[in-house]
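Data block below; observations after.
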Amino acid sequence: MDQSQLSRYLPLTCTGHSRPVTHLSFSNIYENGSYLMISACKDGAPMLRDGVTGDWIGTFTGHKGAVWSARFSADAELAITASADFTAKVWDTNSGSVIASYGHNHIVRTAAFVPSYSQTQFCVTAGNEKKIRIWDLNREESAPAIMEWVGAEGTIKSALWVEQSVIITAGDDKCMKWWDLRTSDKLVDSVTLDGPISQMEERKGIVTVAAGCAVYTFDALDRTPVKKQALDYNASTVSIHPSRKKFATGSTNDTWVRIHDFSTGAVLDTLKGHHGPVHSISYSPDGQLCASGGEDGTIRLWKSETGAYGLWK
């Protein structure tokens, strides 16, 4: 069975959100092969789901505005969300309770934990203030950020903490920037891409980003470009398969998920099912499925590999 035949599998549709889904993230894989998925949504109610089946586990209640991003800690014991209510909140994924709520002076668009299992207490936030802040969960919730600096000329829409001291940011100014917390001025490199950047993804040391009519991949730490893929449409989100043999994109100009060959850029498959633009794409950590979140308020899980998996028997 070739890649195009995978579209014959009906996607699993996850409902429950009442407004556009803005961001999707998966946890790392547990020893038993399971993993979690978290969704951010303009309805202000991020949701936790079983990553394999899409089954609803719980809703994090507490935000008073749209949620723009949601991510797990390395051990998935915590989740962090960034919201239009001027806060970033840290949640206990087992109880659903708020552990910390960090106030800002404007909309928070992105947040992430340090990737180290031993230093989960540190997180980064950024957004419309154009500032980057580092927070320590071990301090009082009302305490200021332990680091803060202006990081862009436009709204920062995505921040990745890719190594103990290295953070990558990107946004409306079309720039990807690498920051090293060990250096005095912190900025160590930057690159200007073809268009504004709304989301980035890091997987196994490779950062993937969609900007304008192109998809870029970079080595996360040495900052060297790996590949630039020119597209004939404007991509708003991208995710690379763990095998690095293909990547998936979404666009705000249509309702499709496109699967591309990583080597050639050729379209391998076009997945149709959303009833509005696709705002977020993410492959599962095992590569067995691809999740998409759309303007229609749904999450769709698409079969990515052949054979029985999850609810596809």
Side-chain angles (χ1 to χ4, degrees), residues 1-15 21 23-39 47-57 71-72 74 76 199-210 215-217 220 226-227 229 231 233 235-251 254-274 278-294 298-313:
M1 180 182 293
D2 61 27
Q3 173 68 40
S4 63
Q5 290 178 295
L6 285 170
S7 60
R8 296 179 183 176
Y9 288 98
L10 291 175
L12 304 178
T13 302
C14 306
T15 59
V21 177
H23 190 225
L24 297 170
S25 294
F26 286 102
S27 71
N28 291 320
I29 302 177
Y30 293 111
E31 290 184 359
N32 63 3
S34 67
Y35 49 87
L36 300 172
M37 178 175 65
I38 189 170
S39 56
M47 290 186 178
L48 183 69
R49 296 180 183 272
D50 182 295
V52 176
T53 65
D55 290 340
W56 178 84
I57 296 174
R71 289 194 176 100
F72 292 104
Q199 292 178 20
M200 295 185 295
E201 176 191 77
E202 187 270 334
R203 192 187 295 271
K204 297 181 178 179
I206 295 295
V207 176
T208 311
V209 56
V215 165
Y216 298 81
T217 44
V226 176
K227 202 174 189 65
Q229 302 277 9
L231 308 174
Y233 60 94
S236 57
T237 179
V238 62
S239 180
I240 191 169
H241 190 272
S243 69
R244 297 187 191 173
K245 293 182 179 180
K246 56 188 176 183
F247 62 90
T249 63
S251 174
D254 57 39
T255 64
W256 302 343
V257 173
R258 294 177 177 86
I259 310 299
H260 290 261
D261 181 273
F262 182 76
S263 296
T264 66
V267 177
L268 301 175
D269 206 353
T270 301
L271 309 178
K272 301 177 181 180
H274 280 290
V278 177
H279 296 305
S280 186
I281 287 282
S282 184
Y283 274 106
S284 62
D286 60 5
Q288 289 290 331
L289 57 85
C290 178
S292 58
T298 69
I299 301 163
R300 296 178 191 264
L301 304 181
W302 309 88
K303 191 83 162 59
S304 177
E305 303 298 320
T306 58
Y309 186 78
L311 299 180
W312 290 284
K313 302 299 184 182

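None of these values were measured; they are calculated from a predicted model.
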Which heavy atom of [X] sits nearest to which heavy atom of [Y], and what is that distance?
X	Y	value
T53	L12	O-CD1, 3.7 Å
G51	F26	O-CE2, 4.0 Å
S292	H274	OG-NE2, 2.7 Å
S25	H23	OG-CE1, 3.3 Å
D286	S284	OD1-OG, 2.7 Å
R300	P11	CB-CB, 4.4 Å

Check against side chain to side chain contact (heavy atoms under 4.5 Å, CB included), T249 and I281: CA-CA 6 Å; T249 63; I281 287 282; 5.8 Å; no
Point-to-point distance, once rounded to the nearest 0.5 Å, from [atom1] of [X] to [atom2] of [Y]:
X	Y	atom1	atom2	answer
K227	T217	NZ	OG1	7.5 Å
N28	E31	CG	CD	12.5 Å
M200	S239	CE	OG	14.0 Å
T208	H241	OG1	NE2	13.0 Å
F262	L268	CZ	CG	13.0 Å
L301	M37	CG	CE	5.0 Å

Side-chain touch [X]/[Y], heavy atoms, less than 4.5 angstrom:
X	Y	result
L289	Y309	yes
W302	I259	no
W256	V278	no

Parallel, tilted or perpendicular: rings of H260 and F247 (30°, 60°):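 F247 and H260: parallel rings.
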Would a distance-only check, ignoring hydrogens and angles, find a side-chain to backbone donor-acceptor pair under 3.5 Å from [X] to [Y]?
X	Y	value
W312	L10	yes
R203	Y283	yes
S236	H279	no
S304	C290	no
S280	L24	yes
E201	I240	yes

Inter- and intrachain pairs under salt bridge (charged side-chain N to carboxylate O under 4.0 Å, His left out), touching residues 256-268, at least two apart: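 Residue pairs passing salt bridge (charged side-chain N to carboxylate O under 4.0 Å, His left out), neighbours aside: D254-R258.
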With sequence neighbours excluded, residues passing side-chain contact (heavy atoms from CB on, under 4.5 Å) with A76: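 A76: side-chain contact (heavy atoms from CB on, under 4.5 Å) contacts with S27, Y30, L36, F72.
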Pair R49-I299, side chain to side chain contact (heavy atoms under 4.5 Å, CB included): steps then yes or no: CA-CA 11 Å; R49 296 180 183 272; I299 301 163; 3.8 Å; yes
K245 bridged to E305 by N-O distance under 4.0 Å: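 A salt bridge is absent here (no side-chain N lies under 4.0 Å from a carboxylate O).
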